[in-house]
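Below: the structure, in structure tokens.
Residue numbers start from 1 in every chain, and the chains themselves are labelled A, B, ... in the order their sequence lines are given, proteins ahead of strands.
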Amino acid sequence: MSPMQGRFAGARHRQGLHLGLIVLALMVLVLSMALAVSIGEIHIPLATTFKALGNALGVSEYPLDRIHESIIREYRLSRALVAACCGAGLALCGAILQALLRNPLAEPYVLGISAGASTGAVCIMVLGVGGGAMGLSLGAFLGALGAFAVVLALSRGASTSPNRIILAGVAGSQLFNALTAWVISTSASAEQVRGIMFWLLGNLGGVRWPEVTLALAVVLPGFAICLLFARALDAFTFGQDAAAALGIPVGAVRLILFAVTALMTATMVSMVGAIGFVGLVIPHAARFMVGTAHVRLLPASLLIGAIFMVLADIVSRVILPHQSLPIGVVTALVGAPVFAMILYRARPPL
Amino acid sequence: MSIQAHAVSWSTAGRLIVDDVSLAITPGDTVGLLGPNGSGKSSLLRLLCGLRRVTRGVVTFDDAPLEQLNRRDVARRLAMVEQNATTDADVTVLDVVRLGRTPWRSILSGWREEDSTAVEQALVQVGMESRRYQSWHTLSGGERQRVHIARALAQRPRELLLDEPTNHLDIQHQLEILALVRRLSTTCVMALHDLNLAAMFCDHLVLLKEGRVAEAGKPESVLTPERILDVYGVDTVIERSPHHGCLHVHYLPRKEMTLPRKETSSQA
């Protein structure tokens with residue numbers, strides 16, 4: 001009897017620990033967002049940031065510098081929120097794809113979904129497909145779905161060899177990048193090219209409150225849906241057939257989660273461009289901290305992804321004086337070595 | 001009768017893999033599916049648990065057609081142990097066995113007392129209770145198979161299907177796994193390669209040839225030299241072992257297969 005009680009006590013203890021971790025991560029997220037708001041060309045003291053936040057929420061009325069307050073409200077807070085949502089969304093997509101495809105390298109960027117979304121967005125921007133009736137987001141969404149379909153079709157039979165999906169992703173990325181380059185080089189003006197190139201590497205400049213609303217409206221429900229399927233994702237540990245044998249409606253689960261993933265990726269890419277490797281690195285870091293059970297892994301990926309992206313945004317703004325680096329460059333500088341490391345570790349034993 | 005197949009056929013990519021198979025599993029029996037590579041053993045198991053849809057015919061559970069049951073209801077009464085199923089994920093023995101409770105838990109329900117009991121009993125049944133926190137990647141092949149069986153038992157199934165559970169195991173672990181399966185009160189259907197082990201551990205045998213049932217029944221009626229020659233093309237002498245009382249198959253090499261004895265020893 002006593003070991004039984006001990007185990008339950010242990011489970012409760014672990015649950016408390018995880019709750020504590022979540023609270024801690026939320027605090028770190030708030031702090032890093034405050035830093036992101038403070039740091040920039042015009043330095044704003046952290047205290048001012050929190051006071052402005054209080055004013056914006058209507059819980060306080062501190063007298064503040066009008067310029068500071070409007071920089072915070074109009075530019076930096078919205079940027080930090082979108083960065084957090086993007087990081088959260090992409091990390092969540094990575095965690096979902098790695099579970100469904102049973103491949104540690106799966107993520108939207110590596111699988112070419114981001115490239116497809118870029119192609120869709122560029123078609124809308126440059127060619128005006130749909131006559132302006134179709135928004136950039138819709139174009140990116142259709143592009144993401146198209147890329148997803150191509151990759152899944154190329155990797156048919158991926159259950160026998162999970163690595164095929166990565167090869168298919170590489171092929172898909174190349175294809176869609178070529179299409180994007182074609183559209184740009186044949187149809188875009190010099191002005192557009194500069195804008196697009198910057199945007200393809202990921203760019204958080206220019207995001208305002210409408211983008212915040214859209215990002216939150218996609219990431220939060222997306223997270224809720226994914227969390228409902230946490231247990232189903234666990235059942236994929238030994239593959240699709242094993243999940244089916246455990247009573248999971250595999251076809252429906254895959255369809256829903258692929259659609260959610262494509263929607264989240266497309267929304268992020270349409271707002272900030274194709275930011276790579278966040279979806280790859282963060283779930284692995286999260287697994288290292290909280291283990292493989294998705295009911296813990298998904299919230300952890302969400303929070304760590306948000307924190308990582310906000311910090312990456314700060315780095316991209318301060319690393320060069322008077323100039324900001326595309327955020328995709330920063331994430332790739334972190335992500336590419338991690339990708340190589342996972343690839344090395346995942347090699348078959350000699 | 002627990003599971004029944006009525007004239008079941010299955011074809012994929014234009015090839016007929018399972019051809020007009022009918023069988024009825026008696027509750028409590030341990031049934032061995034035998035046959036050469038590619039004779040349709042694995043495919044038949046997959047049809048019996050609904051992982052593949054029959055092209056023709058019908059599979060029934062207690063006279064209810066399998067197609068009318070949803071996946072979760074099937075998973076609550078029938079568990080499957082696949083061949084060499086493994087994972088890259090860093091999971092523990094306990095994580096894997098707990099997966100067996102998946103069909104019994106709704107999306108929002110927490111972990112209940114009965115889930116713990118089922119997991120605990122399953123771990124004890126396969127003798128892995130002291131290894132529960134061990135990482136999957138540190139387990140040997142035989143231990144992994146035992147954990148898979150524990151996961152299946154945690155489903156509390158009435159029927160257990162096993163696809164070559166002894167594949168890639170050494171003889172000690174083959175015997176250990178089969179004795180474990182034999183001890184279970186659950187109805188078991190398993191695909192096997194070794195005719196002698198099948199004779200030792202199964203109540204009932206089904207011999208497949210090119211997707212069809214060549215013979216089914218007690219080991220005595222299935223394991224005959226004529227049948228083995230017909231299905232495998234191998235000459236045999238079959239006798240009852242004086243040591244364990246079960247049938248024993250002696251394989252006779254054909255003339256062109258007998259290697260000339262090396263004569264180095266006589267020269268030495």
Side-chain angles (χ1 to χ4, degrees), chain A residues 3-5 7-8 10-12 14-15 95 98-99 101-106 157 159 162-163 224-225 227-253 283-284 287-288 290-297 342 345-349, chain B residues 42 45-46 49-52 69-92 94-96 98-111 113 116-117 119-120 129-130 132-133 135-136 144 147-148 151-152 154-155 157 160-161 163:
Chain A
M4 201 80 141
Q5 281 164 347
R7 201 165 46 254
F8 284 127
R12 257 203 306 279
R14 276 203 301 279
Q15 249 170 22
Q98 284 163 19
L101 301 172
R102 297 183 69 219
N103 192 308
L105 296 175
S159 54
N163 285 332
I225 293 172
L227 207 53
L228 284 181
F229 287 102
R231 225 170 265 158
L233 286 170
D234 289 342
F236 277 84
T237 306
F238 289 94
Q240 276 181 54
D241 276 353
L246 286 169
I248 304 295
V250 169
V253 169
H284 285 288
R287 237 175 250 122
F288 186 70
V290 302
T292 51
H294 286 86
V295 72
R296 293 191 296 274
L297 180 64
I342 297 166
R345 273 184 46 187
R347 78 201 188 286
Chain B
S42 298
L45 282 179
R46 274 150 201 281
C49 64
L51 283 180
R52 300 287 177 271
L69 304 170
N70 70 32
R71 282 241 62 94
R72 174 187 288 249
D73 291 335
V74 174
R76 284 182 177 188
R77 71 162 289 165
L78 179 144
M80 172 88 180
V81 174
E82 287 180 289
Q83 208 181 123
N84 303 324
T86 186
T87 179
D88 286 333
D90 188 19
V91 287
T92 63
L94 188 59
D95 291 332
V96 176
R98 285 174 66 133
L99 285 179
R101 297 309 294 167
T102 307
W104 295 95
R105 303 171 72 191
S106 71
I107 273 182
L108 295 172
S109 74
W111 187 254
E113 185 92 42
S116 289
T117 315
V119 166
E120 207 53 36
E129 68 271 31
S130 61
R132 68 183 72 220
Y133 296 118
S135 162
W136 172 261
R144 288 181 182 194
V147 174
H148 270 308
R151 188 266 305 151
Q155 280 174 256
L160 181 59
L161 307 187
D163 191 0

I need the residue from [options] with the largest number of non-hydrogen atom pairs under 4.5 Å to chain A.
{"options": "B/Val91, B/Thr86, B/Asp90", "answer": "B/Thr86"}
{"options": "B/Arg76, B/Arg151, B/Arg72", "answer": "B/Arg72"}
{"options": "B/Met80, B/Glu82, B/Arg105", "answer": "B/Arg105"}

Task: Partners passing side chain to side chain contact (heavy atoms under 4.5 Å, CB included) against A/Ala235 (at least two apart in sequence or in another chain) - done: A/Ala243, A/Leu246, A/Ile248, B/Thr102
TODO: Could you tell me whether B/Arg98 and A/Asp234 make a salt bridge, using a distance below 4.0 angstrom between a side-chain N and a carboxylate O?
DONE: no
Open item on the list: Tell me if a side-chain donor or acceptor on A/Arg102 pairs with a main-chain N or O of A/Gln240 at a distance below 3.5 Å.
Closed with: no
TODO: Under 4.5 Å heavy-atom distance to chain B, tell me which part of A/Thr292 shows up: side chain, backbone, both or neither.
DONE: side chain
Task: ring pair (Phe, Tyr, Trp, His ring centres under 6.0 Å) against B/His148, all qualifying residues, sequence neighbours excluded - done: A/Phe238, B/Trp136
